[in-house]
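Every value quoted in this text rests on a predicted model; they were computed, and no experiment measured them. Within every chain, numbering begins at 1; the chains are lettered A, B, ... in the order of the sequence lines, protein sequences first and strands thereafter.
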2 protein chains.
Amino acid sequence: MSPRPKVGLEINEILEAAGEIADVHGMREVTLANLAKKLNIRPPSLYNHFEGLGGLRKKMAIYGIDLLYKEMAYEAVGVSGEAAVLAISKAYVEFARKHPGLYEATLLAPDMEDEDVQQAGAKIVELSVRVLQAFDLQGERALHTVRGFRSILHGFSSLEQSGGFKMTLDLDESLETIIKAFIKGMRAD
Amino acid sequence: MSPRPKVGLEINEILEAAGEIADVHGMREVTLANLAKKLNIRPPSLYNHFEGLGGLRKKMAIYGIDLLYKEMAYEAVGVSGEAAVLAISKAYVEFARKHPGLYEATLLAPDMEDEDVQQAGAKIVELSVRVLQAFDLQGERALHTVRGFRSILHGFSSLEQSGGFKMTLDLDESLETIIKAFIKGMRAD
DNA sequence: TTGTTAAAACTAATATCATTAGTTAAAATA
DNA sequence: TATTTTAACTAATGATATTAGTTTTAACAA
């Protein structure tokens, strides 16, 4: 058997620390220097845990997507139809609000086509598909619906986070109105 | 009067060069070093044209937003109602396709709350408001509609650009279907 | 308990950046 | 032609990511 020395840090502790920096100061401040300082180690030591800064960004993206998925899935239990769609929608934007840095990280992977990143995202798509299946959409229309749903969630969160919505108009009300309208429009033949 | 020496580079030539780098290699490659090399000057000389890398990113964001606005406004002439909404929607995603780097730049301003950045974006919001007015939406519902419309366009473009849509399903058809459904749902009382 | 092994830390060094300071060249206006 | 403003330059600094090679640490086997 191979010895598995448990010395120092677990990858999850590292991602947690990196997530904290990202949430508080933004992804721009997630540098190997800053991360190492927070962990009380030297920057080169981080290379034992991931492949440089790009590797860290990739791992952070997956970490964030997984967390996002978990919160969506949690809110989806025990509800169905429109209520379920609204539930996972709110969970999505709530995640972006609570973890602005990690949400930013989910969009900052060096290569979004990467196998692992795709796989993490696929779970969210799958969840969306399952929730939207309640509306019995036919063939291609079902696929268009999923694309639209994702576009709304992602666009809404991004715009909200970057201060794109200026008006003093309740944001949660906007999201609910938008989602309801989209579903209604998609169901109409 | 103050002499205005025209020597060397115009700010627009610089932004054009920076935009080229961004479109071909991504915003990550837009460094002062790379930009200076492309312009055949030394990196510090760029500080005569903008305030460091942050200043460049801000100017690129505004430059991109302006360009995006122009293309949308161009496609909006001579059409009305749903056709107009579809026209500016297509112009939006087409811009992101033709200028992936500049579109990336529009989201990468160091401070999205910045006065100049806000002002550039306001023109697009205004155009959207004007086009959506054809549907006679009342009060707050009109504002929710604009928010939803922007979310769809931004989300769709971002996801398309980062390879978020995997299925072999026509993208333009998706966009048209999504926009039509959203409008239909918003018009329904 | 003790030796082996693999993981994870370290030091030292390098290359690439952005950035600042101070200086020089160039061109448009008066 | 002289002045003034702009925009280029050189030189230097500090921060960064990254590589190479080495040492320490801790789990496992003997």
inquiry  = Just the rounded figure in Å: distance from C1' of C/dA7 to CD1 of A/Ile14.
reply    = 12 Å

key: Atom-to-atom span, CD1 of A/Ile41 to C1' of D/dT25 - whole angstrom   = 15 Å

query = Atom CZ of A/Phe50 and atom C1' of D/dA17: how far apart are they, to the nearest Å?
reply = 11 Å

inquiry  = Please report the distance, rounded to the nearest Å, between CZ in B/Arg42 and C1' in C/dT16.
reply    = 16 Å

task = Keeping the roles fixed (side chain from B/Glu71, backbone from B/Tyr69), state whether a donor-acceptor pair exists under 3.5 Å.
result = no

message = Does C/dA8 have OP1 or OP2 under 4.0 Å away from a side-chain N or O of A/Ser45?
response = no

query = Which whole-number value in Å describes the distance from A/Leu56 CG to D/dT16 C1'?
reply = 14 Å

ask   = Once you round it to whole Å, what is the distance between C1' of C/dA18 and CG of B/Leu35?
value = 13 Å

ask   = Among C/dT20, C/dC17, D/dT18, which is the nearest nucleotide to the side chain of B/Tyr47?
value = C/dT20

ask   = Toward the 5' end of DNA chain D, which comes first, A/Pro44 or A/Asn34, by nearest nucleotide?
value = A/Asn34

Gap between atoms CD and P, on A/Glu10 and C/dA7 respectively (whole Å) = 13 Å

message = Using only atom types and a distance under 3.5 Å, with no angle test, would you say the side chain of A/Asp66 pairs donor to acceptor with the backbone of A/Ala120?
response = no

query = So what does A/Thr31 hit on the nucleic acid, given a heavy-atom distance under 4.0 Å: a base, only sugar-phosphate, or nothing?
reply = sugar-phosphate

task = Please tell me which of the listed nucleotides, D/dA17, D/dA8, C/dA8, lies nearest to the side chain of A/Leu32?
result = D/dA17

query = Starting at CG of B/Leu46 and ending at P of C/dA18, how long is that distance when rounded to a whole Å?
reply = 9 Å

Please list, one pair per line, the donor and acceptor atoms closer than 3.5 Å that link side chains of residues 24-33 of chain B to other protein atoms, with sequence neighbours excluded.
| residue | atom | partner | partner atom | Å |
| --- | --- | --- | --- | --- |
| B/Glu29 | OE1 | B/Asn34 | ND2 | 3.4 |
| B/Thr31 | OG1 | B/Asn34 | N | 2.9 |
| B/Thr31 | OG1 | B/Asn34 | ND2 | 3.4 |

note = Out of D/dT16, C/dT19, C/dA9, minimum distance to the side chain of A/His49 belongs to C/dA9

query = If you check every side-chain atom of A/Leu53, which of C/dA18, D/dA17, C/dC10 has the closest atom?
reply = D/dA17

query = Under 6.0 Å between ring centres, would you say that holds for B/Tyr103 and B/His99?
reply = no

task = Could you tell me whether the side chain of A/Asn48 has a donor or acceptor atom within less than 3.5 Å of a complementary atom in the base of C/dA7?
result = no

query = Hey, is A/Glu126 close enough to A/Lys123 for a salt bridge, meaning N to O under 4.0 Å?
reply = no

